[in-house]
Q: 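Attaching a single structure in structure tokens format; questions to follow.
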Number of protein chains: 2
Amino acid sequence: MTVAPSPGEVDTPARGGRIRRQHEVAILAAAEQVFARAGFQGATMAEIALAAGLPKSNLHYYFGTKAEVYRAVLANILRLWLAETDRINADADPREALAHYIEAKMRLTAEHPDASRVFANELLHGAPEIGDYLCNELRLLVADKAAVIEAWIAAGKMAPVDPVHLFISLWALTQTYADFETQVCAVLNRPSLESADYRRATAHVLNLVLRGCGLAPPILEGSFPCST
Amino acid sequence: MTVAPSPGEVDTPARGGRIRRQHEVAILAAAEQVFARAGFQGATMAEIALAAGLPKSNLHYYFGTKAEVYRAVLANILRLWLAETDRINADADPREALAHYIEAKMRLTAEHPDASRVFANELLHGAPEIGDYLCNELRLLVADKAAVIEAWIAAGKMAPVDPVHLFISLWALTQTYADFETQVCAVLNRPSLESADYRRATAHVLNLVLRGCGLAPPILEGSFPCST
DNA sequence: TGAAAACCTGACCATATCGTCAATTTTTTA
DNA sequence: TAAAAAATTGACGATATGGTCAGGTTTTCA
């Protein structure tokens with residue numbers, strides 16, 4: 001599958017009428033919730049329809065099959081995930097670039113936990129839908145950024161770290177707060193993760209990773225611009 | 001749910017005959033595979049029965065419902081997960097204790113990827129079955145170990161790191177290689193993860209975390225006792 | 001060895017859910 | 001405004017799957 005809607009079309013090509021676009025947005029939002037909670041098999045079209053405030057038949061008018069809805073949700077998510085690596089380039093300062101990436105990923109996780117969970121579920125079951133994307137776009141993107149990091153290491157700007165494994169680590173460290181929120185809440189003894197929890201988590205990951213890469217920890221806990 | 005089979009019984013209480021015990025083992029092994037690949041809803045009793053080499057009705061003779069099989073699989077997994085924190089105690093050396101824990105978790109992930117995936121899937125969907133375990137046994141265990149780490153930090157033996165978030169990070173860093181193996185394989189450009197890949201991953205995580213905790217990296221890539 | 005317990009299984013039922021469809025209403029547009 | 005296009009929807013069919021059960025076979029053990 002590709003991230004773009006389909007070849008030769010611009011983003012959100014206004015295919016179909018005004019009503020169509022509105023309802024598709026509502027359906028995709030509802031579907032993201034339901035897929036996140038129940039997975040692909042566990043989600044039912046009836047439940048998605050209910051969450052979207054439409055009768056089931058109407059849902060089938062917009063998306064022929066459940067798989068189609070699912071693919072559309074994944075395409076939405078990939079669009080989110082794809083960005084955020086711009087700052088990682090040869091000219092940048094390693095500490096700033098990595099910090100920015102971690103903060104961005106963490107923000108994404110905090111703001112779209114359901115998206116993260118749908119993505120995690122897809123990966124967990126072998127990525128039947130997005131396998132191609134992983135092996136092409138994502139692999140190339142990572143290879144590209146890994147070269148940048150290699151260069152930083154060669155220039156003595158940071159400690160020697162396997163760059164590809166570093167990316168794997170960054171994804172794991174950040175997305176775990178959405179994907180395994182239940183476990184995180186349990187050990188933190190919190191009913192749910194609020195923004196204060198995410199701030200602490202971000203500070204922790206920054207601290208661990210930057211120090212782990214031989215880059216002095218720039219942020220002390222509590223020094224965030226946000227109010228507490 | 002509790003990890004022990006049921007109150008008042010010893011571990012593997014030999015309930016039922018010889019045949020029962022044999023078949024239950026086969027069924028649980030088959031079920032772990034199937035649940036790992038398809039999740040709870042996606043797994044079918046017919047598929048589990050086929051993988052176990054039994055007719056479906058026979059499966060229902062041993063486990064009344066699919067949920068029962070699932071709970072038994074989870075109980076098995078929790079028994080694996082629970083150990084391995086012994087070395088983290090006040091008397092131990094932080095570097096050695098953490099390194100041992102990371103290596104143990106990584107070995108567990110490499111040797112039981114399906115178990116990790118079933119566990120991940122359960123967490124991803126809100127831990128309906130093991131929520132109690134997380135909020136009790138696991139939370140207390142982590143609180144206990146966190147106190148040890150706090151003491152190490154207070155004694156100046158390691159850099160200041162939030163201990164509970166550190167555990168969350170360690171779980172994420174290790175289990176990601178099983179849970180999201182598809183993605184890992186894609187970016188590493190490998191068809192599947194072999195033991196050499198796990199050795200590299202272990203070296204990377206050790207390097208990142210120990211340095212991140214202000215503990216000198218003890219292991220350079222390639223210095224493993226294993227061949228290759 | 002014989003009876004009781006454990007084990008086995010094909011056939012079957014109940015239910016859930018995906019997807020269809022034809023008839024109807026609403027919106028757009030010429 | 002009238003015709004065409006888009007949108008709506010309740011009822012229905014097909015299928016998959018969890019679980020039951022009665023009757024049979026094997027194993028255990030006194």
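Order of the sequence lines sets the chain letters (A, B, ...), proteins ahead of strands, with each chain counted from 1.
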Q: Mapping Tyr62(A) and Lys56(A) to their closest nucleotides on DNA chain D, which lands nearer the 5' end?
A: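 Looking at the nearest nucleotide for each, Tyr62(A) comes out on the 5' side.
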
Q: Quick one: is dC21(C) close enough that its OP1 or OP2 comes under 4.0 Å of any side-chain N or O from His60(A)?
A: no

Q: Please evaluate the base of dG19(D) for a donor-acceptor partner in the side chain of Lys66(B) within a cut-off of under 3.5 Å?
A: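 There is none.
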
Q: Would you mind reading off the distance between Phe63(B) atom CZ and dT9(C) atom P, rounded to a whole angstrom?
A: 17 Å

Q: Could you tell me the separation between the CE atom of Met45(B) and the P atom of dC12(C), rounded to a whole number of Å?
A: 21 Å

Q: Calculate the interatomic distance between Ile27(A) atom CD1 and dA7(D) atom P; express it in whole Å.
A: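 It is 11 Å, rounded to the nearest whole Å.
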
Q: From CZ of Arg18(B) over to P of dA5(C), roughly how many Å is that when rounded to an integer?
A: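 Atom CZ in Arg18(B) sits about 19 Å away from atom P in dA5(C).
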
Q: OP1 or OP2 of dC8(C) versus the side-chain N and O atoms of Tyr61(B): is any pair under 4.0 Å?
A: no

Q: Apply side-chain contact (heavy atoms from CB on, under 4.5 Å) to residues Leu166(B) and His204(A) and explain how you reach the verdict.
A: CA-CA 8 Å; Leu166(B) 179 59; His204(A) 162 79; 4.3 Å; yes

Q: Report which part of the nucleic acid Ala49(B) touches: base, sugar-phosphate, or nothing (heavy-atom distance under 4.0 Å, all strands).
A: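 Nothing, no heavy atom under 4.0 Å.
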
Q: To the nearest angstrom, how far is Asn58(A) atom CG from dT26(C) atom C1'?
A: 12 Å

Q: Please confirm whether Lys145(A) makes a cation-pi placement over Phe167(A), using NZ or CZ under 6.0 Å from the six-membered ring centre and within 45° of the ring normal.
A: no

Q: Could you check whether Arg20(A) pairs with Glu24(A) (Lys NZ or Arg NE/NH1/NH2 to Asp/Glu carboxylate O, under 4.0 Å)?
A: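 Salt bridge flag = yes for Glu24(A) with Arg20(A).
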
Q: For His23(A) and for Gly64(B), locate the closest nucleotide of DNA chain D by heavy-atom distance; then report the residue assigned to the nucleotide nearer the 5' terminus.
A: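 It is His23(A) whose nearest nucleotide is closer to the 5' end.
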
Q: Is any NZ, NE, NH1 or NH2 atom of the basic residue among Glu47(B) and Arg37(B) found under 4.0 Å from an Asp or Glu carboxylate oxygen of the other?
A: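 Looking at Glu47(B) and Arg37(B), the cut-off is met.
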
Q: Specify the separation, in whole Å, of atom CG of Leu59(B) and atom C1' of dT9(C).
A: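 It is 13 Å, rounded to the nearest whole Å.
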
Q: Is Glu32(A) paired with Arg117(A) through a side-chain N to carboxylate O contact shorter than 4.0 Å?
A: no

Q: Which nucleotide sits closest to the side chain of Ser57(A): dT9(D), dT9(C), dG18(D)?
A: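 For Ser57(A), the side-chain atoms sit closest to dT9(D).
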
Q: Please report, rounded to the nearest Å, how far the P atom of dC18(C) is from the CD atom of Glu68(A).
A: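 Whole-Å distance recorded here is 14 Å.
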
Q: What's Ala43(A) touching, base or sugar-phosphate or nothing? Going by heavy atoms closer than 4.0 Å.
A: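 Touches sugar-phosphate only.
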
Q: May I have the distance from Arg20(A) (atom CZ) to dA7(D) (atom P), rounded to whole angstrom?
A: 6 Å

